[in-house]
Amino acid sequence: TGIALAKKVAGQKAVEYIKAGMTVGLGTGSTAWWAIQEIGARVKAGLDINAIATSDQSYELAVALQIPLITFEEITQIDVDIDGADEVDRQLQLIKGGGGALLREKIIAAASQQMIVAVDEHKLVDTLGKFPLPVEVVVFGWEMTARKLAALGTQTVLREKNGQPFITDNGNYIIDCAFNAITDPATLHTRLNAIPGVAENGLFVNYAHTVIVGYENGTVNTLY
Ligand code: DER
């Protein structure tokens with residue numbers, strides 16, 4: 001379908017930023033999936049890189065594709081991080097976390113020289129917030145944490161999977177917060193992370209250097 005093609009061309013285009021010898025961050029989600037597939041093909045063809053994954057899901061995919069993997073114990077920096085997003089606004093601010101990997105994604109993005117974001121055209125918005133903002137919270141006292149999140153002016157929903165609370169790779173819960181319109185993501189980010197019990201939130205403020213947009217007609221556009 002058009003959307004799958006949009007994700008494919010965006011994910012594959014993002015891989016052009018990877019050069020031999022680099023350490024690469026592997027994002028999470030269906031768009032990052034295409035980038036990881038392309039990286040796997042280039043590694044098979046001889047590209048010499050090391051990678052670090054933003055989720056168990058992406059780690060397993062990299063293992064299957066025989067992409068060399070390293071840990072933070074071994075690296076000093078990540079050269080390029082390729083990841084997706086749920087929303088991108090006109091200042092290239094992001095909402096991420098739809099796949100529940102936002103904590104490790106933000107740690108890796110923050111450790112990277114360059115974050116390349118690959119999205120389909122439907123992720124572009126004028127104002128962030130139509131997509132509920134994922135917030136990762138520790139399990140202890142999550143109900144109180146949810147009340148403090150709600151006090152910031154949002155409806156809060158504990159994310160579930162198969163009728164149970166969704167558990168992140170880090171053993172935490174995700175609370176999805178419907179803010180509807182986030183006009184000052186930097187301020188909201190600070191307020192969210194000041195709440196005891198909040199591990200991280202899905203606002204990526206001033207992280208994205210380049211956003212690659214794939215369209216349903218198979219074309220791509222690069223935003224800086
Ligand atoms: O969870 C995440 O942050 C993912 O990157 C997500 O935001 C993008 O997922 P998609 O590429 O499957 O739409």
Side-chain angles (χ1 to χ4, degrees), residues 1-15 17 24-39 51-62 78 80-89 92-112 114-125 128-137 157 159-161 166-170 172-179 182 185 189 192 199-216 220-221 223:
T1 67
I3 289 200
L5 177 60
K7 290 172 182 276
K8 180 172 188 276
V9 295
Q12 290 177 335
K13 177 80 174 174
V15 176
Y17 290 80
V24 179
L26 304 177
T28 297
S30 59
T31 311
W33 186 90
W34 286 106
I36 296 172
Q37 291 291 338
E38 178 65 24
I39 292 167
I52 182 165
T54 57
S55 62
D56 293 344
Q57 180 185 2
S58 294
Y59 178 89
E60 298 303 330
L61 179 57
I78 298 167
V80 171
D81 175 34
I82 298 178
D83 208 340
D86 295 295
E87 284 186 343
V88 180
D89 76 8
L92 304 192
Q93 311 302 11
L94 315 175
I95 284 184
K96 287 177 57 53
L102 68 104
L103 176 54
R104 296 190 183 187
E105 288 175 331
K106 199 181 273 192
I107 290 170
I108 284 183
S112 301
Q114 199 177 28
M115 183 187 190
I116 311 295
V117 176
V119 294
D120 65 80
E121 59 183 289
H122 305 291
K123 305 295 186 66
L124 301 182
V125 297
L128 298 177
K130 198 185 302 340
F131 186 92
L133 176 65
V135 178
E136 183 156 341
V137 302
V157 176
R159 186 179 296 187
E160 293 190 353
K161 184 173 181 179
F166 173 83
I167 308 286
T168 70
D169 291 346
N170 316 298
N172 297 321
Y173 285 167
I174 297 259
I175 296 181
D176 290 304
C177 299
F179 283 100
I182 301 171
H189 161 78
L192 289 166
E200 194 47 82
N201 71 83
L203 288 171
F204 283 55
V205 179
N206 301 332
Y207 279 82
H209 296 80
T210 306
V211 175
I212 296 174
V213 186
Y215 291 84
E216 294 200 15
V220 286
N221 191 15
L223 308 175

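Being a predicted model, the structure only gives us computed values, none of them experimental. Order of appearance sets the numbers: ligands from 1, and atoms from 1 within every ligand. Heads up: numbering here begins at 1 and tracks the sequence.
- With respect to Arg104 and Asp83, no salt bridge is recorded, no charged nitrogen being found less than 4.0 Å from a carboxylate O.
- In summary, the side chains of Gln93 and Asn206 do present a donor paired with an acceptor at a separation below 3.5 Å, with no hydrogens or angles considered.
- The environment of CZ in Phe179 is crowded: more than 12 heavy-atom neighbours from other residues, nucleotides or ligands sit within 6.0 Å.
- Note that the OG atom of Ser58 and the CD1 atom of Ile82 stand 11.5 Å from one another [nearest 0.5 Å].
- Residues lining ligand 1 at a heavy-atom distance below 4.0 Å are given as Lys7, Thr28, Gly29, Ser30, Thr31, Asp83, Gly84, Ala85, Asp86, Lys96, Gly97, Gly98, Gly99, Gly100, Glu105, Lys123, ordered by chain and residue number.
- Enclosure of atom NZ in Lys13 is not indicated, since only 12 or fewer non-hydrogen atoms of other residues, nucleotides or ligands lie within 6.0 angstrom.
- Remark: Leu102 CG to Leu94 CG distance equals 12.0 Å, nearest 0.5 Å.
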